[in-house]
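Heavy atoms only: backbone and side chains are in, while hydrogens, waters and symmetry mates are out. Per chain, numbering begins at 1; letters A, B, ... match sequence-line order. Quantities reported herein were computed from a predicted structural model and do not represent experimental measurements.
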Protein chains: 2
Amino acid sequence: MTAQNSSAEELARAEAVCADRGLALTPVRRRVLELLLEANAPVKAYDLLAALKPGGGAQPPTVYRALDFLTAAGLAHRVEALNAYTACVHAHETGGAELYICESCGGVAETHVHGACHEAPEGFKVARSVIEHYGKCGDCRKAG
Amino acid sequence: MTAQNSSAEELARAEAVCADRGLALTPVRRRVLELLLEANAPVKAYDLLAALKPGGGAQPPTVYRALDFLTAAGLAHRVEALNAYTACVHAHETGGAELYICESCGGVAETHVHGACHEAPEGFKVARSVIEHYGKCGDCRKAG
DNA sequence: ACCCGTTATGTTATACTATTGCGATACTCT
DNA sequence: AGAGTATCGCAATAGTATAACATAACGGGT
Ligand SMILES: [Zn+2]
Ligand SMILES: [Zn+2]
Ligand SMILES: [Zn+2]
Ligand SMILES: [Zn+2]
């Protein structure tokens with residue numbers, strides 16, 4: 001996929017978002033977000049865990065708690081069909097994220113969910129949508 | 001959710017589908033599909049496993065292989081965000097399934113994916129979409 | 001300074017989900 | 001019969017996630 005903002009910029013934006021909302025972007029959480037931003041593909045929890053403390057000190061709950069915080073804060077998304085996580089680069093205020101994931105390069109693009117075009121059954125009230133599209137991005141298709 | 005077809009009917013339809021396409025709906029596969037049809041909510045693999053052989057004889061690969069077969073044949077769907085599986089009651093020829101899952105009663109309704117209303121990034125070719133909506137169905141909303 | 005409520009982290013163990021690999025069996029097609 | 005294929009049984013293991021409890025760190029009120 002094409003050049004997104006630098007991790008540093010995104011990290012600064014996250015700082016600002018947390019400050020605004022009285023959320024604590026602690027060192028672990030910040031570091032996990034940094035790892036997500038540096039990766040150019042969704043990252044697995046145990047890979048984050050390994051990257052967090054090369055010495056092997058960190059335990060699963062550490063990274064899962066950080067991920068819970070980041071996803072709750074809208075700074076990251078869980079990719080359900082991959083059991084993986086990706087930094088949010090879209091700042092969706094309203095509605096959820098809709099992800100386009102390239103199966104060749106792992107790149108993730110985001111849009112907002114268009115509530116309108118999903119025809120819910122009579123009376124069904126949607127609270128939350130999981131929308132993930134898998135395929136091949138433009139760059140990878142050109143590259144063959 | 002409201003009355004769907006009986007399991008027996010659906011099972012007969014599955015038999016027909018498999019016969020048409022030269023697929024073998026073996027006893028294990030058939031039994032797993034039957035369990036999915038009888039349930040009125042997505043079912044977890046290990047619950048199927050437990051139900052398959054009350055004696056405890058069946059092993060994980062048995063049920064996962066059956067589920068792989070059923071999903072590949074379009075007779076069942078995996079619910080990604082729940083790590084669970086549900087029988088397909090829609091017979092979607094083209095495109096994938098879009099699921100509406102009630103978080104109160106577990107009921108699942110299906111529609112087809114509307115490719116048109118998802119604005120993919122320039123050049124991105126979607127191969128497969130995972131679309132799951134979570135909320136509350138009409139019946140559960142009335143019931144309070 | 002002290003106490004206390006709250007939030008965040010560390011630590012251990014365990015639960016839950018899924019796959020790999022191999023051997024036995026059964027069925028089809030020469 | 002023999003070769004090839006598909007399915008299944010079985011044992012072990014890999015991968016994902018949480019429970020439960022202890023500790024630490026911060027901030028406000030006294
Ligand atoms: Zn996002
Ligand atoms: Zn790509
Ligand atoms: Zn379906
Ligand atoms: Zn319901």
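- Taking atom CG on B/Leu49 and atom C1' on D/dG9, their separation rounds to 13 Å, with Å as the unit.
- One interatomic measurement links the two molecules: CZ of B/Phe69 to P of C/dT19, which rounds to 17 Å at whole-angstrom precision.
- Contact annotation: side chain of A/Tyr46 to base of D/dA17, donor-acceptor pair present below 3.5 Å.
- Residue B/Gln59 has its side chain nearest to D/dC10 when only D/dT7, D/dC8, D/dC10 are considered.
- Of the side-chain N and O atoms in A/Arg65, none sit less than 4.0 angstrom from OP1 or OP2 of C/dT9.
- For the pair A/Arg29 and C/dT7, the criterion of a side-chain N or O lying under 4.0 Å from OP1 or OP2 is not met.
- A parallel orientation is assigned to the rings of A/His133 and A/Tyr100, their planes being inclined by less than 30° (bins at 30° and 60°).
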For this session: Step by step, work out the ring pair (Phe, Tyr, Trp, His ring centres under 6.0 Å) result for B/His77 and B/His90.
Result: CA-CA 11 Å; B/His77 300 297; B/His90 198 112; 8.8 Å; no
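- Phosphate contact (OP1/OP2 of D/dC8, side-chain N/O of B/Thr26, threshold under 4.0 Å): present.
- Counting heavy atoms of neighbouring residues, nucleotides and ligands inside a 6.0 Å radius, atom CD of A/Glu119 does not exceed 12 of them.
- For the pair B/Thr62 and D/dG9, the criterion of a side-chain N or O lying under 4.0 Å from OP1 or OP2 is met.
- Nearest-nucleotide mapping onto DNA chain D: of A/Pro61 and A/Lys44, the residue sitting toward the 5' end is A/Lys44.
- The separation between B/Glu80 atom CD and D/dT16 atom C1' is 14 Å, rounded to whole Å.
- Both B/Leu23 and B/Asn83 lie near DNA chain D, and the one whose nearest nucleotide falls closer to the 5' end is B/Leu23.
- A/Tyr64 has its OH atom 17 Å from the C1' atom of C/dT9, to the nearest Å.
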